[in-house]
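In what follows, a single structure is set out as structure tokens and then discussed.
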Amino acid sequence: MIQIKSFVFNPFSENTYLLYDETGEAVIIDPGCYDKAEYKQLYDFIENNALKPVRIINTHAHIDHVLGVAAIKAKYNIPFSLHKIDEPLLKAVKTYASNYGFAGFDEPEIDSYFDEGDTVTFGNSSLRLLFVPGHAPGHVAFVNDEQQFVIGGDVLFRQSIGRTDLPGGDFETLIDSIKTKLFTLADGYTVYAGHMQPTTIGYEKKNNPFLK
Ligand SMILES: [Zn+2]
Ligand SMILES: [Zn+2]
């Protein structure tokens, strides 16, 4: 059984997710830790629950989702994975970090690239990867069918969708990703988004003004 712990980090109020199961193995998704207190929050939770992080996996490479990757990678000596199409976005972060008020950016090395259909495993658990571009060109989502949830990044929010005005963003592509990928999941699937509270596929099919 996967447990999902969420943290809200950095000035963008980004959701960082820690997924773990009964074995204690854990994956860290989109670590956006920025200041010392945020790292401490994550590290304390891992330590207090005797967890063993095994991978860092990212939905995409915008600054708010990658701020903590390098430090966490070094602390636990674990690999970091991203879709190859988002690599230029990761490389670009250091060029704009200061524009957003961040004091520089420690760029992490990518250890492996994702592809659609990949499976991420930890402990007794697995996540299935969906390619959902539009907000970012190499955006992916992580689905667990047994427990019916998706860690969706910045694609679909409660009554909203990801912005498409950032480099590599495309509105039509985003809508297509939601309709042909996320909306093939059953109504009961919970969507854990990159910002704001969770929602469900069924609720968004009914109530999302961008998808009527
Ligand atoms: Zn984003
Ligand atoms: Zn974001």
Point to revise | Partner residues of Tyr189 under the ring pair (Phe, Tyr, Trp, His ring centres under 6.0 Å) criterion, sequence neighbours left out | key: none

Revision key, fill the gap. Hits for side chain to side chain donor-acceptor pair (under 3.5 Å) against Tyr96, two or more places apart or cross-chain, chain-then-number order -> none

Point to revise | Shared hydrophobic cluster for Leu127 and Ile151 (ILVMFWY, side-chain gaps under 4.5 Å) | key: yes

Practice item. Kindly give the cluster partners of Met196, where membership spreads through any ILVMFWY side chain lying under 4.5 Å from a current member. Key: Phe157

Practice item. Kindly write out the residues that satisfy side-chain contact (heavy atoms from CB on, under 4.5 Å) with Thr119, not counting sequence neighbours, or none if the list is empty. Key: Thr121, Ser126

Point to revise | Any residue meeting salt bridge (charged side-chain N to carboxylate O under 4.0 Å, His left out) with Arg158, in chain and number order, not counting sequence neighbours | key: none

Review point. Partners of Ala71 by side-chain contact (heavy atoms from CB on, under 4.5 Å), sequence neighbours excluded?
Key: Tyr39, Tyr43

Study note, to complete from the structure: Sorted by chain and residue number, the salt bridge (charged side-chain N to carboxylate O under 4.0 Å, His left out) partners of Asp111 (sequence neighbours excluded) come out as Lys73

**Study point:** Partners meeting side chain to side chain donor-acceptor pair (under 3.5 Å) with Thr164 (sequence neighbours left out)
**Key:** none

Revision key, fill the gap. Those residues at least two apart in sequence (or on a different chain) that pass side-chain contact (heavy atoms from CB on, under 4.5 Å) with Phe210 are Ser160, Ile161, Asn208

**Study point:** Lys/Arg-Asp/Glu bridge criterion (N-O < 4.0 Å) met for Lys212, Glu204
**Key:** no

Point to revise | Partner set under salt bridge (charged side-chain N to carboxylate O under 4.0 Å, His left out) for Lys94, not counting sequence neighbours | key: Glu107

Practice item. Check salt bridge (charged side-chain N to carboxylate O under 4.0 Å, His left out) between Asp21 and all other residues, then give those that pass, not counting sequence neighbours. Key: none

**Study point:** Distance, nearest 0.5 Å, that separates CG of Asn124 from CD of Glu146
**Key:** 11.5 Å

Exercise for review: Write out all pairs satisfying salt bridge (charged side-chain N to carboxylate O under 4.0 Å, His left out) with one or both partners inside residues 45-72, taking only residues at least two apart or from two chains.
Suggested key: none

